[in-house]
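The figures that follow rest on heavy atoms only: side chains count, while hydrogens, waters and symmetry mates do not. Per chain, numbering begins at 1; letters A, B, ... match sequence-line order.
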Protein chains: 2
Amino acid sequence: MISTIDTVLLRIAGHELQVLLWQRPADSRAWPGAWALPGGWVSEDRDQSLEQATCRILEQKAGLKPDYIEQVATIGNRQRDPNGWSMTVLHLALIRFSASESTHQDTRWVAVDAVRDQSLPLAFDHAKLLEKALERLSTKARYSTLPLYLAETELKLPELQRIYEIVLGNPLHKRAFRERILSAGVLEDTGVRIQGRGSPATIYRYQPDCAVRLFDRMMQGAMGEAIDE
Amino acid sequence: MISTIDTVLLRIAGHELQVLLWQRPADSRAWPGAWALPGGWVSEDRDQSLEQATCRILEQKAGLKPDYIEQVATIGNRQRDPNGWSMTVLHLALIRFSASESTHQDTRWVAVDAVRDQSLPLAFDHAKLLEKALERLSTKARYSTLPLYLAETELKLPELQRIYEIVLGNPLHKRAFRERILSAGVLEDTGVRIQGRGSPATIYRYQPDCAVRLFDRMMQGAMGEAIDE
DNA sequence: TCAATAGTGTCTCTAAGACACTATGAA
DNA sequence: TTCATAGTGTCTTAGAGACACTATTGA
């Protein structure tokens with residue numbers, strides 16, 4: 001059976017988490033004209049590996065190179081595609097706003113909430129796939145520096161905290177947040193201070209190719225909850 | 001391209017973590033007679049979903065029904081199979097010793113260490129796949145009740161602690177371990193006390209279909225380490 | 001008798017959570 | 001002047017780690 005790759009590519013725009021969608025051609029057999037996650041088939045000729053295929057497809061569909069890509073799950077069953085058995089390897093990808101403009105006419109950044117409240121229906125089971133990827137992101141945000149890839153490479157700590165809060169969906173304690181992030185050792189003080197309303201804000205920098213760092217405790221939210229997975 | 005499913009099925013026997021292996025037929029084109037992870041092709045006719053296919057293949061290859069199954073990753077590239085591009089959905093499965101006897105002649109339980117020190121080479125990239133699944137297990141053992149599925153449904157706490165220690169590869173503090181596990185609320189006191197050498201041991205029970213419970217802190221080991229994933 | 005065993009008491013340490021506080025400059 | 005902002009001080013609390021201790025019984 002033929003396998004595809006689908007990617008949930010996310011960015012932060014303003015105070016909103018957005019997902020990159022791709023519009024299916026008007027003459028598609030299934031879901032013509034519908035919005036969908038950018039995806040495609042693995043090519044035995046052109047692709048060396050799944051990882052490389054994921055990058056190729058994103059480059060092709062949207063002309064974008066994410067700052068972070070991770071496999072979420074592989075979903076395969078008889079129901080998800082009207083044409084019968086189909087299988088897709090789902091990925092979560094993150095990109096910072098300043099690198100996220102796509103020149104492709106058939107792509108669009110859409111607020112994640114617009115898909116969640118079903119004001120924008122997606123093709124196939126892509127709404128479910130989006131949900132899975134978002135759950136992965138918010139789970140990891142509770143114990144890692146993963147959301148850092150949504151931030152610009154030079155940033156103020158309160159900015160990063162806002163990104164975490166958008167991803168987690170709840171406010172965080174400033175004191176604990178600062179402590180955590182700084183102790184992770186991924187942020188370097190640039191020495192620059194910016195005067196806004198309050199005390200001068202410290203500008204930090206991270207390396208775009210830095211590894212995700214894990215904490216030994218979860219942040220906030222309900223703990224010890226039962227999960228299915 | 002055709003996709004397969006491979007499963008790392010684990011059990012605890014004595015003080016050893018063991019993996020179920022399956023011997024490839026002597027007339028296979030690739031790796032004849034070699035030991036491999038139990039796996040097989042997804043069947044568009046017989047299978048409804050990947051999950052169901054995973055169970056079918058395990059049932060067929062070994063006649064076993066694991067107490068727990070989880071997807072680990074999907075690996076696909078040009079190198080892993082001498083016949084060219086191939087892709088496999090890797091699973092981690094756990095089974096308690098008392099339910100782990102396989103009647104199939106071409107399967108064998110093998111100490112994980114025997115594969116790790118390369119005294120038993122595996123077919124294809126299966127040694128790497130095993131490593132990936134083991135890493136998932138030991139990571140989750142640090143913050144969840146996952147290893148419980150390796151224990152009998154009625155158990156003493158020191159027994160469970162030994163299982164955790166085998167999985168993690170290092171000793172744990174008795175006090176902290178008891179506190180953690182009991183506070184998770186998955187173990188029910190049967191009321192039975194067994195007299196051994198020391199004080200009477202409390203026998204606890206868990207429901208084999210219970211959900212994995214997560215803790216809000218990691219147990220032991222190096223924290224805040226960089227990871228690639 | 002002695003060593004292995006199951007279990008408890010209790011102290012320390014770390015990091016999260018909570019809240020108050022200062023300093024600053026834009027509206 | 002007022003208020004939004006960046007940042008610090010410090011107290012409390014929960015749970016992990018460390019260690020000592022009891023009680024019991026098989027070898």
Side-chain angles (χ1 to χ4, degrees), chain A residues 14-15 141-145 151-152 154-165 168 170-187 189-205 213-225, chain B residues 14-15 141-145 151-152 154-165 168 170-187 189-205 213-225:
Chain A
H15 287 266
R142 286 185 54 215
Y143 65 87
S144 79
T145 58
E152 299 302 320
E154 301 214 334
L155 68 151
K156 300 188 288 180
L157 272 184
E159 276 170 16
L160 186 57
Q161 182 172 343
R162 219 162 300 124
I163 292 176
Y164 268 81
E165 289 170 340
L168 289 170
N170 60 341
L172 296 174
H173 295 279
K174 185 171 42 168
R175 203 67 176 88
F177 182 79
R178 294 183 67 88
E179 213 69 30
R180 256 177 104 86
I181 298 295
L182 290 180
S183 77
V186 278
L187 293 186
D189 190 336
T190 58
V192 179
R193 298 290 180 276
I194 288 199
Q195 260 308 356
R197 279 210 180 173
S199 340
T202 308
I203 304 295
Y204 293 94
R205 185 191 3 246
R213 291 198 147 256
L214 304 180
F215 299 98
D216 60 339
R217 298 208 198 172
M218 304 282 184
M219 204 165 39
Q220 201 80 352
M223 320 274 174
E225 281 303 297
Chain B
H15 287 265
R142 286 184 54 213
Y143 65 88
S144 80
T145 58
E152 300 301 319
E154 302 215 334
L155 67 150
K156 301 188 287 181
L157 272 185
E159 274 170 17
L160 185 57
Q161 184 173 342
R162 218 160 302 124
I163 291 176
Y164 268 82
E165 288 170 340
L168 289 170
N170 59 340
L172 296 174
H173 295 280
K174 184 171 42 168
R175 203 68 175 90
F177 181 79
R178 295 183 68 87
E179 214 69 29
R180 256 177 105 86
I181 297 295
L182 291 179
S183 77
V186 278
L187 293 186
D189 190 335
T190 58
V192 179
R193 298 291 181 278
I194 289 199
Q195 261 306 356
R197 279 209 180 172
S199 343
T202 308
I203 304 296
Y204 293 94
R205 185 190 6 244
R213 291 197 147 257
L214 304 180
F215 299 99
D216 59 338
R217 297 209 199 168
M218 305 281 184
M219 202 165 40
Q220 202 81 352
M223 319 275 174
E225 282 303 297

Using 30° and 60° as the class boundaries, would you call the ring planes of B:F177 and B:Y164 parallel, tilted or perpendicular?
perpendicular
What is the separation between atom [atom1] on [X] and atom [atom2] on [N], rounded to the nearest whole Å?
{"X": "B:E179", "N": "C:dG9", "atom1": "CD", "atom2": "C1'", "result": "11 Å"}
{"X": "B:R162", "N": "C:dA6", "atom1": "CZ", "atom2": "C1'", "result": "11 Å"}
{"X": "B:F177", "N": "C:dT8", "atom1": "CZ", "atom2": "P", "result": "14 Å"}
{"X": "A:I203", "N": "D:dT5", "atom1": "CD1", "atom2": "C1'", "result": "14 Å"}
{"X": "A:R180", "N": "C:dT14", "atom1": "CZ", "atom2": "C1'", "result": "13 Å"}
{"X": "B:L182", "N": "C:dA6", "atom1": "CG", "atom2": "C1'", "result": "13 Å"}
{"X": "B:E159", "N": "C:dA4", "atom1": "CD", "atom2": "P", "result": "19 Å"}
{"X": "B:R193", "N": "D:dA23", "atom1": "CZ", "atom2": "C1'", "result": "15 Å"}

Smallest separation among heavy atoms of B:S183 and B:F215, with atom names
OG-CE2, 4.5 Å
Can you give me the closest heavy-atom contact between B:R213 and B:A184, atom names plus distance?
CD-O, 2.9 Å
With sequence neighbours left out, which residue pairs that include part of residues 177-187 of chain A fulfil the salt bridge (Lys or Arg N to Asp or Glu O under 4.0 Å) condition?
A:R175-A:E179
Can a donor-acceptor pair under 3.5 Å be found between the side-chain atoms of A:R217 and the base atoms of C:dT14?
yes
B:Y204 and its side-chain contact (heavy atoms from CB on, under 4.5 Å) partner, picked from B:I181, B:L182, B:V192, B:V186:
B:L182
Do B:L214 and A:M218 come within less than 4.5 Å of each other through their side chains, counting heavy atoms only?
no
Winner on side-chain proximity to A:A176, out of C:dA6, C:dA16, D:dA6, is C:dA16
Report, one pair per line, the protein and nucleotides 19-24 of chain C atoms (nitrogen or oxygen only) whose separation is under 3.5 Å.
unit_1	atom_1	unit_2	atom_2	d
C:dT24	O2	A:R197	O	2.3

Hey, does A:T202 reach any base, or is it just sugar-phosphate, or nothing, if we go heavy atoms under 4.0 Å?
sugar-phosphate
Can you give me every donor-acceptor pair (side chain of residues 154-163 of chain A, partner residue at least two apart or in another chain, under 3.5 Å) with its distance?
unit_1	atom_1	unit_2	atom_2	d
A:E154	OE2	A:R205	NH1	3.0
A:E159	OE1	A:K156	N	3.4
A:Q161	NE2	A:E165	OE2	3.2
A:Q161	NE2	A:L172	O	3.1

